[in-house]
2 protein chains.
Amino acid sequence: MQKQETLTKNQKIILDLIEKSDQPLKAYSILFDVKKKGINAPLQVYRALNKLVKIGKIHKIESRNAFIACKNSKCQIANATIFSICESCEDVTEIHDNKLSEHLRDFKDNKGMKYNKYNLEFFGLCKKCV
Amino acid sequence: MQKQETLTKNQKIILDLIEKSDQPLKAYSILFDVKKKGINAPLQVYRALNKLVKIGKIHKIESRNAFIACKNSKCQIANATIFSICESCEDVTEIHDNKLSEHLRDFKDNKGMKYNKYNLEFFGLCKKCV
DNA sequence: TAACACTGTGTAATAATATAACATAATTAA
DNA sequence: TTAATTATGTTATATTATTACACAGTGTTA
Ligand SMILES: [Zn+2]
Ligand SMILES: [Zn+2]
Ligand SMILES: [Zn+2]
Ligand SMILES: [Zn+2]
């Protein structure tokens, strides 16, 4: 819980912005938005993003190269993320489904690999776009 | 089954290369390797990659921006991919696990979204790297 | 056969995403 | 209070991917 309190200025600015959006934001769109707050370079954005991902405050939507705030207290601990993505309107929602999460957490492959993280992205059409 | 026969020259060259590798290849490394075969520009590579992804001959490892040949006849039909990725040596393996696949295929969220595809990436340490 | 749609090609330019390298400052731990 | 760690600011550059345009092949269909 401590890491949450110790965010730096840049990290806070960028987390605030991402939390205000219910949809994923891209790094360079974040950069554009925070220029007025004194963040001038891509690297400043990426450094904050990487930190925020690391501590579980945001997630990267890998297939979209975009970042969304975490809405699910559990996945911060489990390093487990599940998203649904509408391929028409690009709406992204974080899913929490205990049964599915457990199934994934308990998954063992036949190679003896030790997992500490997973990311699942479902694609389809949302209700509006069907 | 027909689309498999009708690959074009560029598509064949690039699929051959990817199939010869048991690990994911990146687009610009592919470009480098196929220059001697007359493929000169990134776009030629990306066009072939996109087509090969579309017909299920290869998959994109989203978290790595890399492409690997499909080893699993079923996922071509199901648009369903599961990979394990070692975060130390970057070894990537396509997983086929019927129970897990069924569970994912049958998953219904509470928003009435209609899924036609999913991608799951497990991260951890392989046996060698533990 | 001609018109058309569709898919692919080749090339050049450029956009979008992300990191390296360096000097410095702030924070924490011993 | 030294040392280690983490973050900053800046410039430059690397990596990944697409736009735009002119044209060629293939298959339909009128
Ligand atoms: Zn989350
Ligand atoms: Zn939608
Ligand atoms: Zn496959
Ligand atoms: Zn490994």
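First the proteins, then the strands, lettered A, B, ... as listed; each starts at 1.
- For B:Lys51, counting side-chain heavy atoms from C-beta on, the closest listed nucleotide (C:dG8, C:dA21, C:dA18) is C:dG8.
- No donor-acceptor pair under 3.5 Å is formed between the side chain of B:Asn50 and the backbone N or O of B:Ala48.
- Between the NZ atom of B:Lys60 and the P atom of D:dT16 there is a distance of 10 Å, given to the nearest Å.
- Between A:Arg64 and A:Glu121 there is no salt bridge, since none of the side-chain N atoms of the basic residue sits less than 4.0 Å from a carboxylate O of the acidic one.
- Nucleotide C:dA20 holds its P atom 9 Å from the CG atom of A:Leu43, rounded to whole Å.
- For C:dG8, neither phosphate oxygen OP1 nor OP2 lies less than 4.0 angstrom from any side-chain nitrogen or oxygen of B:Lys54.
- Nucleotides of DNA chain D nearest to B:Phe67 and A:Pro42 differ in position, and the one nearer the 5' end is that of A:Pro42.
- Ring-plane geometry between A:Phe122 and B:Phe107 is classed as parallel, the angle between the planes falling under 30 degrees on a 0 to 90 degree scale with a further cut at 60.
- Distance, B:Arg64 CZ to C:dA18 P: 13 Å, rounded to whole Å.
- Between C:dG8, D:dT11, C:dT9, one nucleotide has an atom nearer to the side chain of B:Asn10 than all others, and that is C:dT9.
- Of the two residues near DNA chain D, A:Lys9 and B:Lys26, the one whose nearest nucleotide lies more 5' is A:Lys9.
- Between B:Tyr28 and D:dT15, no base-stacking contact is recorded for ring centres under 5.5 Å apart and planes less than 30° from parallel.
- Side-chain N/O atoms of A:Thr8 include none lying less than 4.0 angstrom from OP1 or OP2 on C:dA26.
- OP1 and OP2 of D:dT16 both lie 4.0 Å or more from every side-chain N or O belonging to A:Asn65.
- Under 4.0 angstrom from either OP1 or OP2 of D:dG9 there lies at least one side-chain N or O belonging to A:Gln44.
- Taking only side-chain atoms of B:Asn50, from C-beta outward, the nucleotide of D:dG9, C:dG8, D:dT18 with the closest atom is D:dT18.
- Within the 4.0 Å cut-off from OP1 or OP2 of C:dG10, not a single side-chain nitrogen or oxygen of B:Asn40 is found.
- Atoms CZ (A:Arg47) and C1' (D:dG9) sit 7 Å apart, rounded to a whole Å.
- Taking atom CG of B:Leu31 as the reference point, atom C1' of C:dA12 lies 14 Å away to the nearest angstrom.
- The distance between atom CD1 of B:Ile39 and atom C1' of C:dT11, rounded to the nearest whole Å, is 14 Å.
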Worked verdict on A:Ile58 versus A:Ile14 for side chain to side chain contact (heavy atoms under 4.5 Å, CB included): CA-CA 10 Å; A:Ile58 66 172; A:Ile14 287 172; 6.0 Å; no
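- Straight-line distance from the CG atom of B:Leu52 to the P atom of C:dG8: 10 Å, rounded to whole Å.
- In this model, the phosphate group of D:dA7 is approached by a side-chain N or O of A:Gln11 to a distance below 4.0 Å at OP1 or OP2.
- When each of D:dT8, C:dT17, D:dT11 is scored by its nearest atom to the side-chain atoms of A:Tyr46, the top-ranked nucleotide is C:dT17.
- Note that CD1 of B:Ile13 and OG1 of B:Thr8 are 8.5 Å apart. Values are rounded to the nearest 0.5 Å.
- Shortest non-hydrogen contact noted between B:Asp109 and A:Ile95 is CB-CD1, 4.4 Å.
- If you take CG of B:Leu15 and P of C:dG8, they are 14 Å apart, rounded to a whole angstrom.
- Minimum atom distance to the side chain of A:Ala27 is reached by C:dA18, of the listed D:dT10, C:dA18, D:dA17.
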